[in-house]
Amino acid sequence: MMFPPAPPYQARKLMFEQREVSIGNQVYLTSGNGGDFAIVSRKELEKLHAIKTLFSEIAKGEASARQEGWLSADNVEARLGI
């Protein structure tokens, strides 16, 4: 059984989407009008994980500083031997 050809709009849309898929361009997998998934490069994924880890560690440091008190710049320099 053969399916009828796609309407011209869908064919143009498919060609447009294929041109946009390349390194450095974001790709979203959508269902209807909503984007539920994204395709990212391994390098970008590693960068996102590093950013998440960094912000998590900063939040831990801020929580610790609120509980135990902040250090002055002079105290930090003395501890680091600067």
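Worth saying up front: this structure is predicted, and the values here are computed from it rather than measured. Each residue takes its place number in the sequence, starting with 1.
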Apply side chain to side chain contact (heavy atoms under 4.5 Å, CB included) to K43 and K47, showing your working.
-> CA-CA 6 Å; K43 182 178 179 181; K47 180 180 171 183; 5.9 Å; no
Which of these, N75, I82, V76, sits in a side chain to side chain contact (heavy atoms under 4.5 Å, CB included) with R79?
-> N75
So if you build clusters from Ile, Leu, Val, Met, Phe, Trp, Tyr with side-chain heavy-atom gaps below 4.5 Å, do I51 and L45 land together?
-> no
Salt-bridged, K60 to E57, with N to O below 4.0 Å?
-> yes
d(T53 OG1, L48 CG) to nearest 0.5 Å is 10.5 Å
